[in-house]
2 protein chains.
Amino acid sequence: MASIKDVAAEAGLSVATVSRALNGHPSVSEDARRRVSAAVEALGYRPNAVARSLRTDETRTLGLVISDVMNPYFTELARSVEEEARALGYSVIIGNADERPGLQDHHVTTLLDRRIDGLLVSPTDGGSPGMLGAARAGTPMVFVDRWIPGVDVPVVRSDGRAAVRDLVAHLHGLGHRRLAIIAGPAATTTGRERVDAFREALAAYGLELPDAYIGQGDFQAGSGRRVTEGFLDLPVPPEAVFAADNLMALGALDAIRARGLRVPDDIALAAFDDIPWFVHTDPPVTAIAQPTRDLGRAAVRALVDRIAGRPGASVTLPARLVVRRSCGEPGTGRPPSPSPVRRSTP
Amino acid sequence: MASIKDVAAEAGLSVATVSRALNGHPSVSEDARRRVSAAVEALGYRPNAVARSLRTDETRTLGLVISDVMNPYFTELARSVEEEARALGYSVIIGNADERPGLQDHHVTTLLDRRIDGLLVSPTDGGSPGMLGAARAGTPMVFVDRWIPGVDVPVVRSDGRAAVRDLVAHLHGLGHRRLAIIAGPAATTTGRERVDAFREALAAYGLELPDAYIGQGDFQAGSGRRVTEGFLDLPVPPEAVFAADNLMALGALDAIRARGLRVPDDIALAAFDDIPWFVHTDPPVTAIAQPTRDLGRAAVRALVDRIAGRPGASVTLPARLVVRRSCGEPGTGRPPSPSPVRRSTP
DNA sequence: CCTCCTCGTGGAATCGATTACACGGAGGAT
DNA sequence: ATCCTCCGTGTAATCGATTCCACGAGGAGG
């Protein structure tokens with residue numbers, strides 16, 4: 001592959017002049033500029049980004065370590081991050097942590113070894129040594145979606161409190177009183193916050209959130225299935241289940257279907273994170289939608305600010321409730337299961 | 001950040017010896033090895049991958065240019081590619097072409113500038129100049145899912161012909177005779193092949209595929225919606241619609257629902273590419289499933305073979321039909337629409 | 001005792017770019 | 001005519017690693 005030396009030789013100039021011409025430096029004659037262009041064209045020359053990065057100490061690359069690519073919410077986040085980064089002249093390397101702290105650490109280390117200019121993370125856990133080290137060492141960094149308390153890094157996320165209140169109002173209005181939640185890992189902020197918000201919203205209606213109605217999930221479909229089965233096996237099962245993410249809602253749907261039960265007639269279901277598929281499930285799922293695109297954009301902007309030495313502001317955007325049919329008949333206002341809950345197969 | 005020089009100074013050795021110790025070179029004394037380890041530990045040293053790449057002319061990075069990340073099929077493919085690559089000691093940089101040739105070219109160029117060791121592509125079109133140039137220049141490359149005829153590059157894909165035959169048999173068995181297809185872009189191999197396979201399978205039953213029943217889509221949900229509306233507006237609309245990918249099936253579902261029609265009672269629907277959500281749509285969608293994980297693995301292995309100078313074999317794996325309920329009641333064998341089938345409460 | 005290996009190590013070139021510094025020539029001011 | 005600027009260009013250092021080659025010490029063999 002042609003290097004800058006070859007271009008210099010072809011153009012009859014020094015590498016310095018070629019480099020300056022290529023970078024639009026002002027003090028290059030029109031004549032030299034033309035000869036460089038011609039040589040570049042003739043040789044099909046493309047600058048070696050590796051060499052440039054070594055010299056300039058910037059890779060124009062951002063790292064994004066995401067909790068789980070197979071989760072449509074994170075896929076959309078990744079997409080919007082890449083779009084905004086590209087618009088700003090950066091590439092993005094995505095690392096999929098798959099909700100495993102070990103993998104997350106692997107990716108952080110690899111990205112740091114590649115000398116990315118900045119790091120975007122939605123931490124899987126309370127903070128792995130590699131990540132905390134990077135934060136302390138001053139690597140430009142921004143948390144997105146999830147964050148780690150006590151670490152001085154801007155956070156870009158959405159606040160679901162109001163939307164959760166709306167959801168509980170919705171459920172309450174439909175006559176549901178026994179409300180359960182499939183929680184995310186306690187090690188994640190989103191895992192804890194959603195439970196807290198749910199409990200608070202319930203309290204406003206004088207409702208309790210008993211321990212039996214808090215199922216411990218891990219943001220994956222399998223855990224949603226297991227937890228839901230546990231709920232259904234309870235002597236007094238809940239009337240409504242709120243899954244703290246979309247994959248666990250999918251698992252819940254599986255478990256409910258496997259028992260031959262129907263949503264919302266036998267049990268109501270709602271999810272955090274809205275995705276296109278929820279419109280088409282049976283029934284369409286009521287969900288809390290985050291402004292995912294805006295989050296991605298804001299996160300990249302905050303990170304680029306930090307890279308440029310500017311402060312880099314934390315951003316919190318509101319989530320909103322999207323009512324569909326999985327919690328009960330909208331408009332009727334009456335409880336979906338006045339008669340005892342049927343739980344055998346028809 | 002500490003460099004190899006700092007380590008050398010700390011250990012009281014030359015950079016050459018440190019480098020050898022770090023790379024497990026045999027001719028380094030046990031004593032030197034220990035001192036290097038200690039120095040590395042003390043300084044928190046991590047080798048600079050950029051510098052190493054410049055010298056060794058290998059980045060241990062693979063590029064993956066994918067047609068559309070928001071398509072769950074490609075997300076899963078990307079995931080399995082990353083997994084296999086990681087197992088083999090490579091990182092992956094994903095570029096999302098979003099079905100746009102221009103974007104695809106941008107990513108290919110960027111990846112080449114970064115001197116990735118090999119390139120995995122599912123081409124959006126007939127071959128952009130950048131990509132063809134790379135192939136000709138000898139960049140190790142493998143096509144995955146889609147490919148470009150006449151370019152000498154291994155292809156890893158799945159063959160849906162048999163599964164499409166099974167699908168047509170299934171539809172025919174359920175009494176459907178007027179079958180339509182939402183095709184992908186003619187510029188893609190998968191776009192063309194699926195139509196061809198469908199037409200051939202139809203011919204085996206003495207059925208035609210009239211032009212009016214071939215809708216031109218672009219693998220995105222919006223086009224599925226538009227094309228389906230067109231089908232429904234026909235004087236004689238089809239009895240069954242086969243979408244050439246899952247997103248267009250989603251669009252079709254939208255369009256059908258918007259008309260107040262029901263699947264499969266009013267119209268049958270099937271899709272190419274199976275995804276977890278199809279189990280939970282209303283109704284569950286009959287789809288053709290590709291062995292996505294295996295494809296990703298095989299593609300990475302073929303690419304790594306090429307990088308190592310070995311031939312790198314093309315691989316074709318069979319897809320298979322997964323029957324659900326969107327084409328009609330399984331088992332009954334009678335057409336779904338003569339007598340309206342009740343499916344609400346048992 | 002001398003020669004010849006082998007082993008562990010260091011010096012220095014190298015990869016492909018960027019950039020500080022030096023330098024020669026043209027043109028303007030005095 | 002002399003001096004100073006400014007402009008365009010080239011030389012060479014530099015980034016952080018790898019690796020070829022040389023070298024000194026020590027042991028084996030003659």
Side-chain angles (χ1 to χ4, degrees), chain A residues 1-40 43-61 89 109-117 137, chain B residues 1-40 43-61 89 109-117 137:
Chain A
M1 190 157 266
S3 84
I4 197 171
K5 267 187 213 149
D6 304 314
V7 175
E10 174 82 12
L13 292 164
S14 74
V15 293
T17 304
V18 173
S19 173
R20 279 187 286 250
L22 256 21
N23 292 296
H25 194 284
S27 78
V28 175
S29 70
E30 205 42 58
D31 173 59
R33 233 176 264 283
R34 260 195 302 273
R35 277 152 68 195
V36 168
S37 300
V40 164
L43 278 70
Y45 168 77
R46 295 249 72 209
N48 184 329
V50 174
R52 176 184 309 206
S53 293
L54 177 60
R55 182 59 232 254
T56 61
D57 200 33
E58 64 166 30
T59 49
R60 297 211 68 86
T61 302
T109 314
T110 308
L111 291 167
L112 259 25
D113 286 355
R114 308 227 140 150
R115 300 301 192 264
I116 46 145
D117 294 342
Chain B
M1 191 159 264
S3 84
I4 197 171
K5 267 186 213 151
D6 304 316
V7 176
E10 174 84 14
L13 292 164
S14 72
V15 292
T17 303
V18 173
S19 173
R20 281 187 286 251
L22 255 20
N23 291 296
H25 194 283
S27 78
V28 175
S29 70
E30 204 42 56
D31 173 60
R33 233 176 264 282
R34 260 195 303 274
R35 276 152 67 195
V36 168
S37 300
V40 164
L43 277 67
Y45 168 76
R46 297 251 70 208
N48 183 328
V50 174
R52 179 187 310 220
S53 293
L54 176 60
R55 183 59 233 257
T56 60
D57 199 33
E58 64 165 33
T59 50
R60 297 211 70 87
T61 302
T109 315
T110 307
L111 290 168
L112 259 25
D113 285 356
R114 306 230 134 134
R115 300 301 192 265
I116 45 144
D117 294 341

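Order of the sequence lines sets the chain letters (A, B, ...), proteins ahead of strands, with each chain counted from 1.
Note: CD (A:Glu30) to P (D:dT9) measures 10 Å, nearest angstrom. Atom-to-atom, NE2 of A:His25 to C1' of D:dC6 comes out at 14 Å; the value is rounded to the nearest Å. Atom CG in B:Leu54 sits about 13 Å away from atom C1' in C:dA13, given to the nearest Å. The CG-P distance, from A:Asp6 to C:dG16, rounds to 8 Å in whole Å. In this structure, B:Lys5 places its NZ atom 13 Å from P of D:dA13, rounding to the nearest Å. Atom CZ of A:Arg55 is separated from atom P of D:dG16 by 10 Å (rounded to the nearest Å). Going from atom CZ of B:Arg35 over to atom C1' of C:dG8 covers 12 Å, rounded to whole Å. Here D:dG8 presents its P atom at 13 Å from CZ of A:Arg34, a figure rounded to the nearest Å.
Just one of A:Arg34, A:Arg35, A:Arg33 meets the side-chain hydrogen bond (donor to acceptor under 3.5 Å, both in side chains) condition when paired with A:Asp31; it is A:Arg35.
Applying the 4.0 Å criterion to OP1 and OP2 of D:dT18, one finds that B:Asn23 has a side-chain N or O inside that range. Side-chain nitrogen and oxygen atoms of A:Thr17 include none within less than 4.0 Å of the OP1 or OP2 phosphate oxygen of D:dT9. In terms of phosphate contacts, B:Thr56 brings no side-chain nitrogen or oxygen within less than 4.0 Å of OP1 or OP2 of D:dT18.
Note on B:Leu13: only backbone sugar-phosphate atoms sit closer than 4.0 angstrom, heavy atoms only; bases stay farther off. Contacts of B:Ser19 with the nucleic acid, taken as non-hydrogen atoms under 4.0 Å apart, include base atoms. Residue A:Asp57 is classed as having no contact, given no heavy-atom separation below 4.0 Å to the nucleic acid. Residue-level contact check: B:Val28 touches the backbone only, with heavy atoms under 4.0 Å from sugar-phosphate atoms and none from bases.
Counting non-hydrogen atoms of neighbouring residues, nucleotides and ligands closer than 6.0 angstrom, the CG atom of A:Asn23 exceeds 12 such neighbours.
Using a 4.5 Å heavy-atom cutoff, the side chains of A:Thr61 and B:Arg114 are in contact.
The side chain of A:Ala32 sits closest to D:dT9 out of D:dA17, D:dT9, C:dG16. Residue A:Ser29 has its side chain nearest to D:dT9 when only D:dT9, C:dT18, D:dA17 are considered. With C:dG10, C:dT18, D:dA17 as the choices, the nucleotide that has an atom nearest any side-chain atom of B:Arg20 turns out to be C:dG10. For A:Ile4, counting side-chain heavy atoms from C-beta on, the closest listed nucleotide (C:dG10, C:dA17, D:dG16) is C:dA17. With C:dG11, C:dT9, C:dC15 as the candidates, the nucleotide lying closest to the side chain of B:Ala16 is C:dG11.
For C:dT18, the base has no donor-acceptor partner in the side chain of A:Arg52 [N/O atoms by modelled type, under 3.5 angstrom].
Nearer the 5' end of DNA chain D, as judged by each residue's closest nucleotide, is the contact made by A:Ser27, out of A:Ser27 and B:Pro47.
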Steps toward side chain to side chain contact (heavy atoms under 4.5 Å, CB included) verdict (B:Leu22, B:Val40): CA-CA 9 Å; B:Leu22 255 20; B:Val40 164; 4.1 Å; yes
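Between the A:Ser19 side chain and the A:Val15 main chain, no donor and acceptor come within less than 3.5 Å of each other.
When all heavy atoms of B:Thr59 and B:Arg115 are compared, the closest pair comes out as OG1-O, 2.9 Å.
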